[in-house]
Amino acid sequence: MSDQSIRCECGHLNKEGTILCEACGKPIEGNQHIDGNDEKHVLEMRYEGSARRSQTYKRTFIDKTWAFFSSVKVGVWLIAITLVLSALGTVYPQEQFKNSPLPSSQFYAEEYGLTGQIFYQLGFHNMYSSWWYITLVALIGVSIIIASIDRYVPLRRALNNQKTKRHEVFVKRQRLVSKDNELNEDDVNKLKENLKSKRYKVYEDDGHVMAEKNRFSRWGAYVNHIGLIIILLAAIFRMFEVMHVDDYVWVREGETRVIPSTNQEYYVENTGFVYEEYDPETQEQFSRALEDVEDPVPKNFQTNAVIYRTTEETLPGQEPELEEVTRGEIRLNQPITFDGYALYQAGTQLEAEYDSMSFDVQLNDEVLGEFTFYSDEAPPEFHLEESDIMVSVDDWYPELEFTENGPSSFSKFPRNPGLIFSVENPDTGDSERFFYLQEDIIPLSEDNELVMNVTGVDRRSASGLTVKKDNTLPLFGLGAGIFMIGVVQGLYWYHRRVWIHPKGEGIYHIGVHTNKNWYGMKQELEKITEDTNVQEFEDQQELK
Amino acid sequence: MDKKKKRLIFRSVVLAILAGTLVFVLIVNAGSERPSLQEGVEAPNFKLDRLDQEGESIELHDLRGQGVMVNFWATYCEPCKEEMPYMDQLYEEYHDQGIEIVAVSVDRNESVINNFYNRLNLTFPSTHDRNNTVMELYEVVNLPASFFIRPDGTIERIVRGPVTLESLEGYFNEIRPQ
């Protein structure tokens with residue numbers, strides 16, 4: 001294939017698709033439509049008129065794919081689509097938060113009607129982990145990377161190749177120009193001095209002067225794209241348990257549970273749950289505020305926890321050997337932390353379960369003995385030592401309900417305990433039966449001579465704890481930090497250049513370019529041209 | 001090297017890396033949703049104390065060479081209780097042919113398990129998964145759930161929900177040692 005490069009009259013060899021010669025800035029014939037320079041007087045300087053290659057070669061499949069992702073238009077569309085979809089996904093709860101025993105196929109239609117049905121059938125109920133959503137986000141990442149490479153590389157080359165000596169057309173077609181100035185040597189020297197005092201770097205070549213400052217501001221956009229890519233990488237890392245854990249565990253008072261998502265390595269014991277309310281009596285400062293409130297206002301939800309770690313690997317199903325790692329109080333927003341994990345207070349079933357029920361057995365107003373039924377142990381019988389009487393537990397229903405088949409238990413949690421006791425009557429030798437439910441005893445026969453009483457119950461709370469580990473946060477921080485550096489770099493500094501172009505015989509054109517903040521540029525020019533014979537600059541864009 | 005060739009290689013490499021990353025992420029994402037226990041996978045080992053024989057325990061690994069049905073159940077689960085008699089009915093016949101049943105109860109109290117066992121006179125081994133560790137290991141959410149394990153220790157079939165007498169017989173034949 002023949003060489004597609006274009007040699008400018010200044011001698012510089014430009015890549016195919018170059019709009020302004022990299023060295024002298026002369027518009028290259030036939031390419032002016034790319035940046036719209038054929039219709040405007042002021043030259044488009046966004047990428048220095050460099051050849052963004054994606055816009056020129058579209059031959060192979062790879063090149064076409066590359067060109068597709070390089071397009072800012074495509075990138076903006078991808079972002080817009082993702083934004084709209086992300087918003088739509090929040091219209092109804094995601095599947096994991098639907099909080100219903102109904103399967104999703106029924107839940108959305110029944111709860112939200114037709115729109116819910118559509119929501120479900122489009123797969124929006126599982127949006128953020130769906131393959132198409134992840135693909136969309138990934139395509140944005142691809143677009144960011146390729147578009148950045150495709151602009152950074154030619155822009156950098158163009159800025160490196162620029163020559164001090166520019167073509168007259170280039171200078172005259174800058175937005176801010178001052179043409180045909182009659183300047184003597186003092187004027188030019190004064191200009192150079194002023195430019196230097198404004199921290200411009202001043203270059204000279206054959207009477208041509210170029211002053212430039214803050215070129216690094218041009219890299220801001222690429223720096224913040226690097227930040228975005230790091231954030232996307234951090235999001236990928238969140239998918240791995242080593243980096244990120246988000247789980248939930250219920251622990252009852254007195255109970256030790258394995259902490260989920262820790263490979264069965266850590267256990268948590270709930271040694272006591274504390275619930276406190278604001279009390280207008282003892283805390284007078286709250287009494288006015290509490291006057292209008294019907295329900296008590298909770299002050300503290302607290303789990304006193306001990307964290308253990310298994311000392312050796314045990315087969316699942318066997319009781320592991322545990323050693324204490326740490327202990328402490330978990331309150332709202334005050335987690336307990338250990339080895340990178342944090343347990344947060346997240347839920348309560350306040351006194352929802354019965355820990356124990358105490359009973360006594362009497363005969364003819366004489367107490368034969370007392371016993372306490374602990375719901376966790378649920379022993380099958382009790383021996384009353386005082387009178388040598390056996391009390392046997394015939395049935396134990398932790399959460400009693402009555403079905404067609406008689407009493408049964410709805411769950412294994414003692415939320416509504418029911419017990420059937422048989423007690424032998426020492427006088428008659430007969431077995432007498434009693435039913436305990438709702439903190440009361442019902443004799444199961446009218447002939448019972450024994451009397452059973454509930455002497456006390458002890459309730460307990462269950463505490464819900466979220467398990468969190470997030471090693472990706474530093475990476476998100478790094479990404480966000482780099483992003484901000486890029487933003488600052490691009491926003492607080494301006495890349496500015498001034499070209500002083502001698503036409504000969506003491507006549508000079510001056511062209512000025514800044515990548516943003518033209519108002520500031522004009523202010524600066526007033527200082528730079530002070531005490532010289534330079535005429536006022538015209539803003540050619542305003543003339544249009 | 002030819003500039004165009006160089007550029008093509010560069011673009012191809014970048015696109016390949018990006019495409020590879022995307023595919024990798026999608027695979028990881030799909031894997032996190034799918035349960036890791038499936039037909040054909042080795043059944044995770046566990047060791048539970050037996051309730052029907054004091055002081056004895058049962059370890060899945062020791063049952064290699066036999067077809068094993070691991071059945072997760074609880075006394076508060078009605079369909080679980082309904083399928084138990086079927087299991088008992090077939091146990092006698094199939095136990096002689098090298099089939100073992102391990103009933104894993106996820107109840108809280110031993111007494112309720114024993115009560116039920118004794119009431120129905122069940123004969124196959126009864127175990128108690130006190131802390132639900134085995135249940136979690138087997139990714140069981142809803143009861144009942146049964147795992148049919150081949151003599152080589154791999155899972156032949158996972159049944160979520162109750163079995164019937166006929167279906168159970170079919171499953172036993174699938175895992176019966178030759």
Side-chain angles (χ1 to χ4, degrees), chain A residues 1 4 15 53 57 59-60 62-63 65-66 69 126 129-131 134-135 137-139 141-142 145-146 149 233 235-236 239-241 255-258 260 264 267 314-320 375-381 393-399 401 403 405 408-414, chain B residues 2-4 7-19 21-33 44-49 57-61 74-78 81 104-112 114-115 127-138 142:
Chain A
M1 204 179 282
Q4 299 289 322
K15 299 245 172 195
R53 291 177 296 185
Y57 302 103
R59 283 166 199 144
T60 64
I62 294 283
D63 285 337
T65 314
W66 188 272
F69 285 114
N126 225 339
S129 56
S130 67
W131 64 268
I134 290 174
T135 305
V137 175
L139 291 183
V142 171
I145 292 170
I146 291 181
I149 294 176
L233 283 177
I236 292 174
M239 302 173 85
F240 298 95
E241 209 167 76
E255 192 182 36
T256 304
R257 298 274 304 162
V258 64
Q264 319 244 345
Y267 285 71
T314 40
L315 277 177
Q318 294 292 291
E319 293 288 338
S375 62
D376 275 348
E377 286 150 29
E381 56 186 18
V393 179
D394 291 349
D395 269 305
W396 157 231
Y397 309 102
E399 189 166 3
E401 61 170 9
T403 64
N405 308 324
S408 76
S409 187
F410 179 70
S411 82
K412 59 183 165 183
F413 301 113
Chain B
D2 179 15
K3 274 187 180 171
K4 278 206 187 76
R7 191 189 60 226
L8 187 68
I9 290 170
F10 174 75
R11 290 182 176 185
S12 306
V13 168
V14 171
L15 285 172
I17 291 171
L18 294 173
T21 311
L22 173 60
V23 169
F24 172 72
V25 166
L26 287 177
I27 288 172
V28 169
N29 181 59
S32 66
E33 280 163 18
N45 193 22
F46 62 84
K47 185 178 182 182
L48 287 168
D49 296 335
S57 59
I58 197 160
E59 185 178 340
L60 184 66
H61 207 93
T75 54
Y76 51 86
C77 154
E78 288 304 322
K81 293 197 271 192
V104 180
S105 169
V106 299
D107 273 287
R108 250 178 120 73
N109 306 121
E110 278 181 21
S111 55
V112 289
N114 290 337
N115 277 350
T127 64
H128 186 197
D129 184 18
R130 205 169 277 106
N131 297 319
N132 298 355
T133 39
V134 180
M135 184 187 182
E136 276 162 32
L137 184 69
Y138 275 74
N142 295 315

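Below, chain A is the first sequence line, B the second, and so on; all start at residue 1. Nothing here was measured: the structure is a model prediction, and the numbers come from that model.
- The contact between A/E377 and chain B is made entirely by backbone atoms, counting heavy-atom distances below 4.5 Å.
- Pairing each heavy atom of B/R108 with each of A/D376, the nearest pair is NH2-OD1, 3.2 Å.
- The most heavy-atom pairs under 4.5 Å with chain B, out of A/E401, A/E399, A/E319, come from A/E319.
- Each of A/T65, A/V137, A/I134 has some count of heavy-atom pairs under 4.5 Å with chain B, and the biggest count is that of A/I134.
- Ranking B/V104, B/V106, B/T127, B/N114 against chain A, the residue ahead of the rest is B/V106, based on heavy-atom pairs under 4.5 Å.
- The minimum heavy-atom distance between A/W66 and B/F10, with the atom names listed, is CH2-CE2, 4.0 Å.
- Minimum interatomic distance between B/S111 and A/A378 (heavy atoms only, all atoms of both residues): OG-O, 2.8 Å.
- In this structure, the portion of A/E255 lying under 4.5 Å from any heavy atom of chain B is its side chain and not its backbone.
- Counting heavy-atom pairs closer than 4.5 Å to chain A, the top residue among B/S12, B/S57, B/P44 is B/S12.
- Between B/R11 and A/I62 the shortest heavy-atom distance is CB-CG2, 3.6 Å.
- For A/T403, no part lies near chain B; criterion is any non-hydrogen pair under 4.5 Å.
- The two residues A/D394 and B/N115 make their nearest non-hydrogen contact at O-ND2, 3.3 Å.
- Dense packing is recorded around CZ of A/F240, with more than 12 heavy atoms of other residues, nucleotides or ligands lying under 6.0 Å away.
- Of the listed residues (B/L26, B/V134, B/T21), the one with the most heavy-atom contacts under 4.5 Å to chain A is B/L26.
- Summarising the geometry, atom NZ belonging to A/K412 is positioned 8.0 Å from atom OG belonging to B/S105; distances are rounded to the nearest 0.5 Å.
- Ranked by non-hydrogen atom pairs under 4.5 Å with chain A, the options B/L137, B/D129, B/V14 are led by B/V14.
- Neither the backbone nor the side chain of A/Y397 has a heavy atom closer than 4.5 Å to any heavy atom of chain B.
- Ranked by heavy-atom pairs under 4.5 Å with chain A, the first of B/L48, B/L60, B/T75 is B/L48.
- A pairwise comparison of heavy atoms in B/N29 and A/S129 identifies ND2-O, 2.6 Å as the closest pair.
- Rounded to the nearest 0.5 Å, atoms OH (B/Y76) and OG (A/S411) are 7.0 Å apart.
- Listed for the B/K47 side chain is no donor-acceptor partner under 3.5 Å among the backbone atoms of A/P316.
- We find the OG1-CG distance between A/T135 and B/L22 to be 5.0 Å, quoted to the nearest 0.5 Å.
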One pair to check against side chain to side chain contact (heavy atoms under 4.5 Å, CB included): B/L18 and A/I146. What are the steps and the verdict?
CA-CA 10 Å; B/L18 294 173; A/I146 291 181; 4.2 Å; yes

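- For a residue to count as touching a neighbouring chain, one of its non-hydrogen atoms must lie under 4.5 Å from one of that chain's; by this rule A/V258 touches chain B with the side chain only.
- Atom CD of residue A/Q318 and atom OG1 of residue B/T133 lie 9.0 Å apart, to the nearest 0.5 angstrom.
- In this model, a donor atom of one side chain and an acceptor atom of the other lie less than 3.5 Å apart for B/N109 and A/W396.
- Looking at A/Q264, only its side chain comes within 4.5 Å of chain B, counting heavy atoms on both sides.
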